[in-house]
Amino acid sequence: MTAELAGLPGAVHAEWTKLRTIAGPSWLLAATVIVTVAAGAAADATARCRSGAVCSVDPAKLSLTGIEVGQALVAILAVLAVSNEYSTGMILLTLTAMPHRAAVLAAKAAVVTGLVLAAGTVAVLGSVLAGRLILPGHGFTAARGFGSLSLGDWPVLRAAAGSVLYLALIALLSLGVAAVVRESGFAIGVVLGLLYLFPILAGVVTSPQWERHLQQIAPMIAGLDIQATTGLHALPLSPWAGLGVLAAWAAGALLAGGLVLWRRDA
Amino acid sequence: MTAGTITPHQSGQGGRGGFAALLHAEWTKFRTVRGWVIAMVIAALVTVGFGLIGQESCGTANNAACTLPLGPGGEAVADSFYFVRQPLAGNGSITVRMTSLTGLIPDRAAGSRVPAGSRANTADMHRGLEPWSDAGIIIEQSTSQGAGYAAMMVTGTHGVRMQYDYTGDVAGLPGVVSAASPRWLRLTRSGDTITGYDSADGTAWTRVGSATLPGLPSTVQAGLFAASPQFTQVTSASLGGSTAVGGPTLATGTFDHVGVAGRWTGGWRGTDIGQNAMYPQAPGGFRQAGDRFTVTGSGEIAPDVPGSGGGVDISQALVGTFAGLIVVVVVGTMFITAEYRRGLIRTTLTASPRRGQVVAAKAVVTGLVTFAVGLVAAAVALPVVERHIRAGGSFIDPVSMLTQVRLVAGTAALLAVAAVLAVAIGAVLRRSAVAVTVVIVVIMAPYILGSVLSGGVSQWLLRLTPAAGFAIQQAYPKYPQLGIDYASASGYYPLAPWAGFAVLCAWAAAALVLAIFLVRRRDA
């Protein structure tokens with residue numbers, strides 16, 4: 001174990017060099033920021049709080065809507081960090097140079113997480129700023145009980161920081177799935193299935209118990225509970241518990257990926 | 001195609017023969033890769049299996065009714081109102097003047113979900129009307145729920161209407177009724193035909209419409225009525241569900257100059273129709289002073305469709321389509337990207353230099369295989385999941401056989417066209433992870449975001465993006481006379497079924513043209 005950890009800085013440096021020197025990841029990170037902010041701003045710009053109507057909108061959550069689309073790009077980035085090596089055969093070289101396979105996965109996880117945290121922070125700050133600028137013009141004013149979005153408010157800060165962590169956990173989940181499945185198309189299909197199928201299923205089940213359970217175990221629904229700043233008592237899970245569910249999914253996927261990487265021929 | 005001998009000049013044959021050989025080659029590639037065959041089996045299994053999750057019996061469920069009456073057209077109906085009636089033998093007519101329509105709706109503070117079947121407490125209500133609260137005159141086949149009828153009524157915000165047999169709705173005089181601006185209403189029965197008239201002054205009458213009720217008995221129940229539909233307000237919408245508050249509402253109509261012609265017998269009697277229905281009810285009643293009546297009632301006389309609170313949507317049996325869709329998109333994309341990854345594409349393009357035809361052949365093979373698999377899956381899923389939901393005790397709003405055929409064939413076509421779109425995007429992007437993501441996001445994200453984006457935006461996304469194709473799974477018509485939100489989460493789409501499907505087809509065709517163009521121009 002100590003031997004594996006001893007090789008970790010070198011492994012991290014190697015993974016960083018690999019990701020840095022190909023064009024794909026930087027494009028994907030830039031696209032994540034642009035898509036997230038643009039989708040969030042579009043959601044802000046189309047929301048209306050008409051005078052006289054009761055507006056049940058959570059302004060922080062609304063501003064961060066773009067995360068739901070941006071996460072798909074983060075998933076691609078993480079999946080490709082693993083799958084590209086298999087499709088080019090590079091993995092043989094990597095594993096020859098770094099025989100401690102767990103360290104390879106840990107290094108990939110560290111580099112991808114770092115990149116996603118950086119891009120996610122930019123994306124979230126942009127989204128909050130867009131919400132702050134756009135929402136007051138659409139009826140979400142202090143007079144109606146909506147304060148200006150500010151990271152000085154603890155719930156808003158929790159939603160913003162939590163959304164950055166959400167993206168990082170999506171990356172780790174994707175990384176683990178890709179280590180298990182290896183082929184990038186299948187891997188991304190599994191990740192998007194995990195993310196998008198639960199909300200659809202939760203929307204149609206007729207049993208309220210099932211609906212609640214699905215909302216509690218679904219990585220996307222539970223993870224996005226962290227964005228809630230109003231109506232917390234109605235959530236199936238508290239914000240941090242929800243993010244914890246996503247963390248459990250990510251940990252499970254990484255564990256499975258590590259085991260498969262360790263047991264299987266490359 | 002079955003000839004076993006090698007024909008070296010096949011590439012020179014050109015035309016259809018060449019394309020047929022290409023199709024055969026692609027079909028061979030498809031069926032001999034075990035992973036793809038397994039994936040297609042999985043696609044079929046998840047399409048069926050997803051629908052079996054989380055279905056529960058009526059009563060305890062969110063909005064599942066145990067049983068609903070059926071209207072004359074075989075559709076499920078909500079039929080509850082307060083009826084002040086007399087038997088009318090043979091032909092005849094009833095004329096009234098209405099001077100007001102007022103109502104009570106639940107306070108927002110008290111607006112927790114009212115349990116099905118319980119009565120509302122009028123102390124928790126304030127004055128107000130639902131847009132489709134109504135009162136007026138009605139001729140009913142009988143007092144049993146689901147009986148044929150024709151009615152003239154004033155409504156909360158939709159003016160005078162003539163409605164009949166639950167689905168019929170014709171507009172009369174616009175505007176709100178008041179003492180200063182009264183509304184005269186008249187219904188006449190002649191054989192099987194009932195004709196409705198309205199008037200602002202009681203002298204100049206306008207015919208609004210007429211309804212033929214086949215098999216109308218010689219003695220019918222006729223008189224005054226009031227009804228007011230359930231009040232609902234969505235308090236929070238989020239992924240995977242929304243919470244709404246609501247409760248029963250009341251409408252009170254004031255009638256005078258009540259005049260009848262024909263053989264009316266027995267005096268006026270008040271009856272709550274559909275009291276035992278699953279719709280929460282508020283207590284109704286009436287007062288009479290000479291020819292002046294006030295009638296108070298709750299409920300509605302309307303078709304029951306998903307979203308209005310009664311039965312279950314039959315297309316829920318096909319919810320597995322989304323899971324199957326992800327699998328066929330992955331397979332469709334990889335059917336072409338795998339060739340790029342392994343370099344097989346160079347062999348393929350050397351063997352058949354007509355590059356556009358290679359892409360077309362892959363699209364055709366993928367589309368046909370997916371259609372066949374989807375057809376089997378949907379044809380199994382619909383009855384199996386339907387039976388499963390019914391076994392749980394829930395009531396499924398019935399649809400015609402033709403609609404069921406459209407749902408099954410449409411689901412298969414939806415999957416097939418999505419797979420073709422995946423092949424085309426795969427050929428354009430050549431990277432399977434990016435291509436799979438693009439296709440899944442453009443098809444599914446608009447549907448999922450529908451629950452969090454504001455109504456107008458999500459409706460436009462469902463018109464313009466490939467997600468429009470889900471319209472082919474809409475099982476019930478949108479009745480304008482129901483004051484419900486026809487959202488995608490309730491199974492409604494802004495475009496007609498085949499129009500929505502055509503939008504998806506247009507996207508697939510455009511992507512295919514782009515793919516053929518790029519594959520021709522580009523180095524492999």
Side-chain angles (χ1 to χ4, degrees), chain A residues 24 28 39 42-43 45-48 54 56-58 61-62 65 68-69 72-73 75-76 79-80 83-84 87-88 178 183-193 196-215 218 220-221 224-225 228 230-231 234-235, chain B residues 35 39 50-51 53-58 60-64 108 233-243 312-313 316 319 322-323 326-327 329-331 333-334 337-338 341 389 392 394 426 431-438 440-441 444-445 447-449 451-454 456-457 489 491:
Chain A
L28 282 169
T46 53
R48 288 278 184 289
V54 174
S56 55
V57 172
D58 181 340
K61 196 175 176 70
L62 180 68
T65 304
E68 287 163 32
V69 190
L73 294 161
I76 298 180
V79 163
L80 288 184
S83 301
N84 265 353
S87 64
T88 55
E183 213 299 316
S184 63
F186 276 139
I188 202 79
V190 170
V191 171
L192 294 181
Y196 289 149
L197 286 182
F198 279 104
I200 289 173
L201 198 54
V204 299
V205 295
T206 52
S207 150
Q209 286 85 10
W210 266 93
E211 184 183 349
R212 199 170 169 82
H213 290 322
L214 285 172
Q215 287 171 344
M220 177 173 170
I221 306 177
L224 288 175
D225 281 346
T230 61
L235 287 181
Chain B
F50 254 57
I53 299 173
Q55 305 295 350
E56 197 162 299
S57 59
C58 58
T60 59
N62 273 346
N63 52 10
R108 270 190 202 107
Q233 185 177 35
V234 175
T235 50
S236 73
S238 62
L239 290 171
S242 58
T243 37
V312 171
D313 188 342
Q316 278 195 21
V319 63
F322 290 98
I326 290 186
V327 181
V329 164
V330 169
V331 172
T333 310
M334 289 185 42
T337 55
R341 191 157 60 76
I389 294 174
S394 293
R431 304 285 294 266
S432 51
V434 183
V436 167
T437 309
V438 165
I440 290 178
V441 167
M444 291 180 63
Y447 180 86
I448 294 170
L449 288 175
S451 60
V452 285
L453 290 178
S454 77
V457 183

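Order of the sequence lines sets the chain letters (A, B, ...), proteins ahead of strands, with each chain counted from 1. For the numbers below, each heavy atom of this structure counts, side chains included, while hydrogens, waters and symmetry mates do not. Nothing here was measured: the structure is a model prediction, and the numbers come from that model.
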Residue set satisfying side chain to side chain contact (heavy atoms under 4.5 Å, CB included) with B/Thr337, at least two apart, ordered chain then number -> B/Thr333, B/Met334, B/Ser432
Please classify the contact of B/Val330 with chain A as side chain, backbone, both or neither, using a heavy-atom distance under 4.5 Å.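 Side chain of B/Val330 only, per the 4.5 Å heavy-atom cut-off to chain A.
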Looking at every non-hydrogen atom in both residues, tell me the closest pair between B/Val441 and A/Ala72 and how far apart they are. CG2-CB, 3.8 Å
Side chain, backbone, both or neither of A/Leu192 within contact of chain B (heavy atoms, under 4.5 Å): both
Checking A/Ile76 against B/Arg431 for the side chain to side chain contact (heavy atoms under 4.5 Å, CB included) test, could you report, in this order, the C-alpha distance in whole Å, the side-chain angles of both residues, the deciding distance, and whether it holds? CA-CA 10 Å; A/Ile76 298 180; B/Arg431 304 285 294 266; over 6 Å; no
Please determine whether side chain to side chain contact (heavy atoms under 4.5 Å, CB included) holds for the pair B/Phe50 and A/Leu197, giving the CA-CA distance in whole Å, both sets of side-chain angles, and the decisive distance to 0.1 Å. CA-CA 10 Å; B/Phe50 254 57; A/Leu197 286 182; 3.9 Å; yes
